[in-house]
Amino acid sequence: MLALGLVLGAALALHAVHAVFPFGGDGVDTAITTWLYDGVLLGAALGCALRAALVARCRLPWALLAVGMAAWAAGDLYWSLAVEGTPSEEQVTLGDAGWLSFYPACYVALALLVHARVPRLPRSVWLDGLIGALACGALGAALILPSLTAAAEGAKTATLIVNMAYPVGDLMLLGMVVGVFAVSSWRPDRLWLVLGGGLATSALADGIYLDRLARDSYAAGGLVDTLWLASALLIALAAWQPAPRVRAARRGLRTLVLPVVFGVSAIALQSYDHFVRINSAALVLATTALIVVMARLFLAFRDNHTMLSASRREALTDALTGLGNRRRLLQDVELALEEGHEPSVLVSYDLDGFKSYNDGFGHPAGDALLARLGQKLSDAVGPKGEAYRMGGDEFCVLVCGGDGRADAAIARCHQALAEQGRGFNVGASHGAVRLPAEADTTAQALQVADHRLYQQKALRPASPRTQARDVLMRVLREREPELHDHLRSVARLATAVARRLGVPPGAVDEIARGAELHDVGKMAVPDAILDKPGSLDAREWSFIHRHTLIGEAVLSAAPALVPVARLVRSSHERFDGAGYPDGLAGESIPLGSRIIFACDAYDAMVSDRPYARAMDPEHALEQIRAGRGTEFDPSVVAALCDAVRAGDHESEEVARLTADDLDAWTPSVPLGGVPR
């Protein structure tokens, strides 16, 4: 491509020198003005075609430009061979068909390039581009069409239409380039600068040509022809510029510059028409540009109004739960205290046991629980009330109506703010105040509600310590006569598979412990989710997908369990990378975690669950084999199938090993549950 570029550049330079300083006889003139000229056009088309053939990105638009430039060269070649110097030179010919074919191909190619650069643009940006195109078209029509009309005076209708098509096509292309510059926030990349320069050069050459044609002073082979060649080479050069980066449309004050500048230019044209008449095409384009400017300003006003409404809504909404925040509560309480308003009850809630949950299972789990409780509270308060989150673990509700309705709502809300699981128990204390009977101001209403809330808290017995760290230490200290069936089965099978894979004895022990404790994080998941017989919604899945991280955090509290904690974290990663929480794939997943994942899946299939009956072992193995390379490590699948068929996990040696090693790890609370 570099060699082709050098040859075409040299040919362009030769044509320019000959245009300024003619040399040689008629033969040299013909060779340069005809054959060299047409050769450069074909070479430029070849440059675009090579770009489309060799580079996959944006292949179609450059192929279209290659076709358009080839049609341009073919039209010029036909003119040189069949038309020039004949009586038909003053008429519409097939050469015009070739030249005009360049425009539609170029339009479509530019549109495809814009779409590839920024696939999704706001409607306001497209309007900015349309305004620029219309304003440029109006200005060009005012300047060029008079010369064109003078040049075509007395010509046939077909000839007049064809002659007008060239400047109109140039103006449309220039308008599109201006629009592209607009969507680039007036910072176009090199590709669009070179491509825009080529199209602008072509429009300039057409304008000079029309002017000289009107004055009957055009001569073939001059600098006008050199400009056309330069235009073709710039378009071909643009094809080989670096691919532009996709940029997001910019926002801010600069977005108003385009509609204002081009709107002013359209107004200027219409004002000028009052003193010196301009053609109808320019007036129509200028008027259309002003209409689009008005639409653009309306869209800007609507967008600003939408953003202002969203800002106000966010200012009154708690980001975590979607409930009203403290500012919204103050506004609503003030309204409830106004004279003539329906009696209301303000209830302040403070969660009991949440701090232990948050400290034991981590802040992400705590945030998820708050979001869940907030949704339940919103559903429970009913249509005649509103729910709010004051911050932290404090909630409020404001219920309109008498005491009977308020009592029922308070009971529902109290129940909604209660959650329990295998490792936690969260409830709520509350304080209520009737409005306006028991408070005259917003501050007094909040003060009374808080005072009654903490009075109720003081009467409560101390909550049992349910932090995950304490639960785990109690699990490690206590011994039970029998292991939980699920945990025993997974641990035995994982031990057998690890041995078949040649895992060292020390690592086998860690894998066995990880298998027994891989679901310890589910202590942080509400029972209502773990025991749900149907499918889970997105909020419930967020709990499930977080339990491995919680399990890692709980186990990591004991230094001796850090290696086991790493296995637990990755125990739900898939071999193809579609698992959680880290999306690990292949051998980047610890081998122990890959073993635990496959063994847990197999044991879940052969056990009765709330949502499925137990499978036959051979059928379960078929399901496991179907997941080779996607869900499961193929080598682990092979070892698992061999171990199950050989009964390794039921051997006395493995049973004795797991009993000796895992009795000390038997939890005092069941940790299995649904293997989501």
Side-chain angles (χ1 to χ4, degrees), residues 484-503 507-522 525 530 536 541 543-552 554-555 561 563-607 609 611-612 615 617 619-644 648-649 658 662 665 671-676:
H484 186 284
D485 291 342
H486 171 67
L487 301 178
R488 181 191 294 273
S489 299
V490 175
R492 284 181 175 181
L493 189 54
T495 300
V497 172
R499 284 186 161 192
R500 279 193 171 265
L501 291 173
V503 176
V508 171
D509 178 64
E510 289 181 358
I511 292 172
R513 294 182 179 183
E516 195 274 339
L517 292 171
H518 71 281
D519 277 339
V520 68
K522 288 184 178 177
V525 181
L530 286 177
L536 305 182
W541 272 117
F543 272 94
I544 296 298
H545 285 174
R546 197 172 285 111
H547 83 270
T548 56
L549 298 176
I550 297 172
E552 181 195 30
V554 171
L555 294 172
L561 293 179
V564 179
R566 297 194 186 103
L567 298 182
V568 169
R569 178 187 180 97
S570 302
S571 61
H572 285 71
E573 300 284 3
R574 288 169 48 118
F575 197 71
D576 59 2
Y580 62 88
D582 302 311
L584 302 179
E587 295 186 359
S588 61
I589 307 171
L591 176 59
S593 299
R594 286 177 264 157
I595 293 173
I596 294 170
F597 184 51
C599 294
D600 185 39
Y602 171 80
D603 188 74
M605 293 178 190
V606 298
S607 303
R609 297 286 166 175
Y611 53 85
M615 289 184 186
H619 186 200
L621 290 180
E622 291 178 4
Q623 296 293 320
I624 294 293
R625 284 195 298 271
R628 285 179 298 184
T630 54
E631 293 183 78
F632 311 114
D633 182 345
S635 63
V636 172
V637 171
L640 173 61
C641 293
D642 293 342
V644 171
D648 291 354
H649 59 303
T658 54
L662 298 181
W665 304 86
L671 303 180
V674 182
R676 302 285 184 178

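If you're wondering where the values come from, they're calculated on a predicted model, not measured in any experiment. Numbers here simply count residues along the sequence, with the first being 1.
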In short, I624 meets M605 closest at the heavy-atom pair CD1-CE, 3.9 Å
Could you tell me if the side chain of I511 sits less than 4.5 Å from the side chain of T495, heavy atoms only? no
Calculate, to the nearest 0.5 Å, the distance between atoms CG and CZ belonging to D576 and F632 respectively. 10.5 Å
Who are the side-chain hydrogen bond (donor to acceptor under 3.5 Å, both in side chains) partners of R546, not counting sequence neighbours? none
For S593 and E573, run side chain to side chain contact (heavy atoms under 4.5 Å, CB included): C-alpha distance rounded to whole Å, both residues' side-chain angles, the deciding distance at 0.1 Å, then the answer. CA-CA 8 Å; S593 299; E573 300 284 3; over 6 Å; no
Dump the intermediate steps for side chain to side chain contact (heavy atoms under 4.5 Å, CB included) on V636 and L591, then the final yes or no. CA-CA 9 Å; V636 172; L591 176 59; 4.2 Å; yes
Does the plane of the ring in H547 sit parallel, tilted or perpendicular to the ring in H572? Use 30° and 60° as the thresholds. perpendicular
Under the side-chain contact (heavy atoms from CB on, under 4.5 Å) test against L640, which residue among V644, V637, D642 passes? V644
Looking only at heavy atoms, what is the nearest atom pair of A515 and I596, with distance? N-CD1, 3.5 Å
Go through it in stages, so that I can follow the logic: the residues are E516 and V490, the test is side chain to side chain contact (heavy atoms under 4.5 Å, CB included), and I'd like the CA-CA distance, side-chain angles, deciding distance and then a yes or no. CA-CA 7 Å; E516 195 274 339; V490 175; over 6 Å; no
Write down the atom of V606, the atom of A620, and the distance for their closest heavy-atom approach. CG1-CB, 3.7 Å
Output for pair (R574 CZ, F597 CZ), nearest 0.5 Å, gives 6.5 Å
Measure across H545 and P581 and return the closest heavy-atom pair with its distance rounded to 0.1 Å. O-CB, 4.5 Å
The reported gap from CG in L621 to CE in M615 (rounded to nearest 0.5 angstrom) is 11.0 Å
Close side-chain approach of R594 to F575, heavy-atom, < 4.5 Å: yes
Could you report the tightest heavy-atom contact between R628 and P634, atom names first, then the distance? CG-CA, 4.3 Å
Residues R569, D582: salt bridge by 4.0 Å N-O rule: yes
Heavy-atom side-chain proximity of S571 to D600 below 4.5 angstrom: no
Any chance you could lay out the side chain to side chain contact (heavy atoms under 4.5 Å, CB included) test for L584 and S570, step after step, and finish with the verdict? CA-CA 8 Å; L584 302 179; S570 302; 3.9 Å; yes
Can you pull the salt bridge (charged side-chain N to carboxylate O under 4.0 Å, His left out) pairs that have at least one residue in residues 584-593, sequence neighbours excluded? none
How close do A565 and L555 get, counting heavy atoms only, and between which atoms? CB-CB, 3.7 Å
Find out whether Y602 and Q623 are in side-chain contact, i.e. whether some heavy atom of one side chain is under 4.5 Å from a heavy atom of the other. no
S607 side chain to A604 main-chain N or O, any donor-acceptor pair under 3.5 Å? no
